[in-house]
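Just so it is clear, the values below take in all heavy atoms, side chains as well, and ignore hydrogens, waters and symmetry mates. Counting starts at 1 for both ligands and their atoms, in listed order. These numbers come from a predicted model, not from an experiment. Note that the numbering runs from 1 along the sequence shown for the chain.
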Amino acid sequence: MSEDAPAPRKGRGRLMRSTTVTRNPEVPAPALRCPVCDRPLKYLHTVLGGVKPIERWDYFQCVLCGFYRYRSRTRSLRVTGLVPGV
Ligand SMILES: [Zn+2]
């Protein structure tokens with residue numbers, strides 16, 4: 001089972017229980033640094049999903065190390081090889 005990429009494939013705003021991808025979240029994404037090489041991470045987009053409580057993941061990219069996913073609830077930054085499409 002994979003709970004990593006519940007990306008909606010088509011349509012907009014129809015499935016409230018689905019996930020939402022935005023590049024302009026109400027609360028701006030935090031400025032983070034790559035835990036490996038300490039470069040500033042480039043913000044990609046934010047995924048909001050789930051039913052209450054709503055989960056939020058911010059996706060970042062390090063030019064050297066790849067993609068990262070920051071989980072707001074736990075404030076954890078993890079490497080991810082999969083970035084939900086926008
Ligand atoms: Zn890096």
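- At least one donor-acceptor pair closer than 3.5 Å links the side chain of Arg33 to the backbone N or O of Asp38.
- For a distance threshold of 2.8 Å, the protein N, O or S atoms nearer than that to the Zn ion (ligand 1), listed by chain and number, are Cys34 SG, Cys37 SG, Cys62 SG, Cys65 SG.
- Side-chain contact check for Arg75 versus Tyr70: some heavy-atom pair is nearer than 4.5 Å.
- Between Arg69 and Val79, every side-chain heavy-atom pair lies at or beyond the 4.5 Å cut-off.
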**OP:** May I have the step-by-step check of side chain to side chain contact (heavy atoms under 4.5 Å, CB included) for Val27 and Arg56, ending in yes or no?
**Re:** CA-CA 11 Å; Val27 180; Arg56 167 175 169 162; 3.5 Å; yes
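- Tyr68 has its side chain within reach of Val36: a pair of non-hydrogen atoms, C-beta onward, lies under 4.5 Å apart.
- In this structure, the side chains of Arg39 and Leu64 come closer than 4.5 Å at one or more pairs of heavy atoms.
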